[in-house]
Novice: 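First the structure, then my questions, so here it is.
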Amino acid sequence: MPHILLLEDDETIAFGIRCAMEKEGSTTVWCRTLKEAEACLDGRVELVLLDLNLPDGSGFAFCSQVKAFDETLPVIFLTVRDDEKDIVKGLDMGADDYIVKPFLLSVLLSRVRAVLRRSTRAAEKGKLTCGDISMDTEKMKAYLGAEEVVLTAGELRLLRVLMENKNQAITRNRLLELLWDADGNFVNDNTLTVTMKRLREKLNNPKQIQTLRGIGYRMEETGENG
């Protein structure tokens, strides 16, 4: 049973979310302020649902605290702030998703399930999948269906990052940070664009790899390829 920390000062919204989560079998701890949430952040929490505009500060500040506490702990922003700069900032801070209010509870539940599935998969080693695209992370080999796709080291690193963050929006800045390898090999913006183009071509331009205009990319289960 997932243990979810909900930081939301609107009682009506919080009530709706809590009821929906309970029907899904989740335990939800509701906090109205940053101070309350800080006291509830512990090892039991598996997901944080986070508003931006709070009575005693900004949700961005709490997101930073969450990532300092456990950088693998998933965070989803729930906010009325739909400015591109806010969305990019939230995702660059490591948030797994950014949902703009008002939203349908069914959509929220779908996003939550996707994030929790991804979080569970992160503990698994060896194989990543998205539709008919798969990757053996131990042998660093990629496959389209049963056929191996020969990729360069840079293309493999990019595909791995996309697949490890499946169903999650990743900003270009975040991708550039993740692709800077341990040997200090720098990947600039132009290189990312070219590498993404070549990766898509070698995978027959899959619909799973989506471009988020003004933000970055997302690799998403679609059940289709083409």
Side-chain angles (χ1 to χ4, degrees), residues 1-84 86-124 130 164-170 210 212 215 218-223:
M1 180 180 291
H3 192 84
I4 297 172
L5 176 58
L6 170 63
L7 179 47
E8 168 62 65
D9 64 330
D10 187 304
E11 185 173 350
T12 301
I13 293 175
F15 178 76
I17 292 174
R18 291 170 68 194
C19 289
M21 292 301 168
E22 286 177 6
K23 289 181 180 179
E24 289 282 298
S26 300
T27 300
T28 305
V29 177
W30 173 38
C31 300
R32 299 175 177 83
T33 65
L34 291 171
K35 186 176 181 180
E36 289 180 7
E38 289 168 2
C40 294
L41 183 61
D42 57 35
R44 296 174 299 166
V45 177
E46 296 176 61
L47 173 68
V48 177
L49 299 178
L50 176 60
D51 194 3
L52 273 181
N53 301 318
L54 297 161
D56 57 344
S58 168
F60 286 136
F62 189 65
C63 182
S64 295
Q65 291 183 353
V66 170
K67 292 303 177 180
F69 172 76
D70 181 353
E71 65 179 2
T72 67
L73 183 57
V75 174
I76 298 178
F77 279 108
L78 309 175
T79 175
V80 295
R81 289 164 60 172
D82 61 355
D83 188 85
E84 181 181 310
D86 288 327
I87 297 173
V88 171
K89 181 177 180 179
L91 295 173
D92 274 345
M93 293 181 73
D96 292 72
D97 212 335
Y98 190 108
I99 304 176
V100 177
K101 299 174 183 177
F103 51 79
L104 296 173
L105 284 174
S106 59
V107 173
L108 173 61
L109 291 174
S110 178
R111 300 284 189 89
V112 166
R113 285 193 292 266
V115 168
L116 289 174
R117 283 197 303 269
R118 183 168 63 251
S119 180
T120 300
R121 282 196 306 270
E124 300 174 356
C130 186
E164 286 179 337
N165 294 276
K166 186 168 68 172
N167 298 320
Q168 174 181 349
I170 312 177
Q210 302 176 0
L212 307 178
I215 298 174
R218 176 171 58 225
M219 191 160 192
E220 186 168 310
E221 281 289 4
T222 65

Novice: Start with the C-alpha distance between I170 and L91, add both sets of side-chain angles, then the distance that settles side-chain contact (heavy atoms from CB on, under 4.5 Å), and finish with yes or no.
Specialist: CA-CA 7 Å; I170 312 177; L91 295 173; over 6 Å; no
Novice: Is the closest side-chain heavy-atom distance between D10 and D51 below 4.5 Å?
Specialist: no
Novice: Return the minimal non-hydrogen interatomic distance between L7 and A37, and the atom names on each side.
Specialist: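 Closest pair (atom of L7, atom of A37, distance): CD2-CB, 3.8 Å.
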Novice: As an exercise, state the distance from CD1 of I13 to CH2 of W30, rounded to the nearest 0.5 Å.
Specialist: 10.5 Å
Novice: I'd like to know whether L54 forms a side-chain contact (heavy atoms from CB on, under 4.5 Å) with K35, so could you lay out the CA-CA distance, the side-chain angles of the two residues, the decisive distance to 0.1 Å, and finally the verdict.
Specialist: CA-CA 10 Å; L54 297 161; K35 186 176 181 180; over 6 Å; no
Novice: Minimum heavy-atom separation for A169 to R218, with atom names?
Specialist: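 Smallest interatomic distance, heavy atoms only, reads N-CD, 4.0 Å.
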Novice: What is the distance from atom CG of L50 to atom CD1 of I99, rounded to the nearest 0.5 Å?
Specialist: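 If I round to the nearest 0.5 Å, the distance is 11.5 Å.
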Novice: Does a side-chain heavy-atom distance below 4.5 Å link L5 with C31?
Specialist: yes
Novice: Just verifying a value: how many Å separate N165 CG and E220 CD, rounded to the nearest 0.5 Å?
Specialist: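 Here the rounded value is 13.5 Å.
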Novice: Please give me the minimum heavy-atom distance between A20 and L109, naming the atom from each residue.
Specialist: O-CD2, 4.0 Å
Novice: Would you say T33 and E38 make side-chain contact, with heavy atoms under 4.5 Å?
Specialist: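 They are not in side-chain contact.
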Novice: About how many Å separate CG of D97 and CD1 of I87, when rounded to the nearest 0.5 Å?
Specialist: 10.0 Å
Novice: When you compare the side chain of L49 with that of I76, does any pair of heavy atoms fall below 4.5 Å?
Specialist: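 A side-chain contact exists here, since the closest heavy-atom pair is under 4.5 Å.
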Novice: Determine the interplanar angle of the F60 and F77 rings, folded into 0 to 90°, and report it as parallel if under 30°, tilted if 30 to 60°, perpendicular if over 60°.
Specialist: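 It falls in the perpendicular class, over 60°.
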Novice: Measure the CG-CZ distance between L6 and R18 for me, rounded to the nearest 0.5 Å.
Specialist: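 The distance works out to 8.0 Å.
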Novice: State the CG-CG distance between L34 and D56, to the nearest 0.5 angstrom.
Specialist: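 Rounded to the nearest 0.5 Å, the CG-CG separation comes to 4.0 Å.
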Novice: So D86 and T79, side-chain contact (heavy atoms from CB on, under 4.5 Å) or not? Walk me through it.
Specialist: CA-CA 10 Å; D86 288 327; T79 175; over 6 Å; no
Novice: Can you find a pair of side-chain heavy atoms, one from V48 and one from L73, that are under 4.5 Å apart?
Specialist: yes
Novice: Indicate the atoms forming the closest heavy-atom contact of G16 with L105, along with that distance.
Specialist: O-CD1, 3.8 Å
Novice: Determine whether V115 and Q168 satisfy the following criterion, side-chain contact (heavy atoms from CB on, under 4.5 Å), listing intermediate values before the conclusion.
Specialist: CA-CA 8 Å; V115 168; Q168 174 181 349; over 6 Å; no
Novice: Heavy atoms, side chains only, cut-off 4.5 Å: are K101 and E8 in contact?
Specialist: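 Yes - at least one pair of side-chain heavy atoms lies under 4.5 Å apart.
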Novice: Considering only heavy atoms from C-beta outward, does the side chain of R111 approach that of Y98 to under 4.5 Å?
Specialist: no
Novice: Kindly check if the number of other-residue, nucleotide or ligand heavy atoms within 6.0 Å of CZ (F69) is above 12?
Specialist: yes
Novice: Got K67 and M93 here, is their nearest side-chain heavy-atom distance under 4.5 Å?
Specialist: no
